[in-house]
Amino acid sequence: MTDNIKKLLGKRIKEIRLKRKLTQEKLAEMVDIGTPNISYIETGKFAPAIDTLQKIADALNVSPYELYMFEALKSADEIKNEMFEALEKDEDLLRLIYKIYKSVKV
């Protein structure tokens with residue numbers, strides 16, 4: 001389980017780093033750690049220490065908890081497939097989602 005969290009955290013950090021148009025080298029410089037350490041964190045080989053995690057969050061201009069928002073890692077197609085599978089299995093869920101959709105549809 002912890003290996004999976006390390007990998008998801010690493011993917012999330014990489015995703016945000018790329019959105020900010022930062023290289024691993026630049027992020028490492030901002031956090032004051034070696035570039036290989038950023039690579040190890042992004043691949044899930046290492047979990048950052050709490051203080052390093054805070055520095056990474058600060059460098060990426062996000063709150064530390066945002067680094068753990070893993071749902072953002074799913075593509076739109078993955079989300080659609082997951083939703084369709086759930087809706088096919090549960091008619092009550094389908095009706096509930098439809099009501100929500102109708103209430104927010106503009």
Side-chain angles (χ1 to χ4, degrees):
M1 180 69 169
T2 58
D3 283 345
N4 191 37
I5 292 172
K6 287 191 301 187
K7 287 181 181 177
L8 289 171
L9 176 62
K11 283 183 177 182
R12 182 75 172 135
I13 290 169
K14 181 177 181 178
E15 173 191 47
I16 297 169
R17 175 180 63 77
L18 293 174
K19 282 184 182 177
R20 303 286 191 269
K21 295 181 172 50
L22 295 172
T23 63
Q24 286 183 341
E25 293 81 11
K26 182 63 177 171
L27 180 58
E29 180 183 312
M30 295 168 75
V31 177
D32 196 29
I33 62 175
T35 302
N37 290 335
I38 293 293
S39 176
Y40 294 145
I41 290 168
E42 288 186 353
T43 58
K45 292 179 182 173
F46 289 169
I50 297 297
D51 60 327
T52 303
L53 186 68
Q54 181 65 57
K55 289 178 184 179
I56 290 171
D58 290 344
L60 296 174
N61 199 29
V62 296
S63 299
Y65 78 88
E66 291 179 81
L67 298 175
Y68 289 92
M69 297 176 79
F70 303 140
E71 285 300 314
L73 297 175
K74 289 186 177 184
S75 70
D77 285 339
E78 289 174 312
I79 293 169
K80 285 178 195 175
N81 289 337
E82 188 175 325
M83 288 294 297
F84 288 142
E85 287 176 18
L87 296 174
E88 284 178 354
K89 294 177 184 176
D90 189 339
E91 187 176 315
D92 291 335
L93 177 61
L94 174 65
R95 292 182 186 287
L96 174 63
I97 297 295
Y98 183 72
K99 286 179 185 177
I100 294 168
Y101 165 73
K102 292 295 280 185
S103 70
V104 296
K105 182 181 171 192
V106 179

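If you read the sequence from its start, that first residue is 1, and numbering goes on from there. Quantities reported herein were computed from a predicted structural model and do not represent experimental measurements.
For D90, the side-chain contact (heavy atoms from CB on, under 4.5 Å) partners at least two apart in sequence or on another chain are D92, L93. Partners of E88 under the salt bridge (charged side-chain N to carboxylate O under 4.0 Å, His left out) rule, at least two apart in sequence or in another chain, do not exist in this structure. Listed by chain and number, the residues in a side-chain contact (heavy atoms from CB on, under 4.5 Å) with D58 are Q54 (sequence neighbours excluded). The salt bridge (charged side-chain N to carboxylate O under 4.0 Å, His left out) check on E29 picks up K26, with sequence neighbours excluded.
Looking at heavy atoms from C-beta onward, L53 lies in side-chain contact with Y68 at the 4.5 angstrom threshold. Put simply, the side chain of V62 does not reach to within 4.5 Å of the side chain of M69, judged on heavy atoms. Between P48 and L9 the shortest side-chain heavy-atom distance falls below 4.5 Å. You'll find the side chain of L67 reaches within 4.5 Å of the side chain of L60, heavy atoms only. Put simply, the side chain of L8 does not reach to within 4.5 Å of the side chain of R12, judged on heavy atoms.
Heavy atoms only, all atoms of each residue included: A57 and S63 are closest at CB-C, 4.1 Å. Taking every heavy atom of both residues into account, T43 and K7 meet most closely at O-CG, 4.0 Å. Across M83 and I97, no two heavy atoms sit closer than the pair CE-CD1, 4.3 Å.
Annotation: ring pair (Phe, Tyr, Trp, His ring centres under 6.0 Å) contacts involving residues 31-64, sequence neighbours excluded, comprise Y40-F46. Annotation: salt bridge (Lys or Arg N to Asp or Glu O under 4.0 Å) contacts involving residues 32-56, sequence neighbours excluded, comprise R17-E42.
A salt bridge between E15 and K11 is absent, with no side-chain N of the basic residue lying under 4.0 Å from a carboxylate O of the acidic one.
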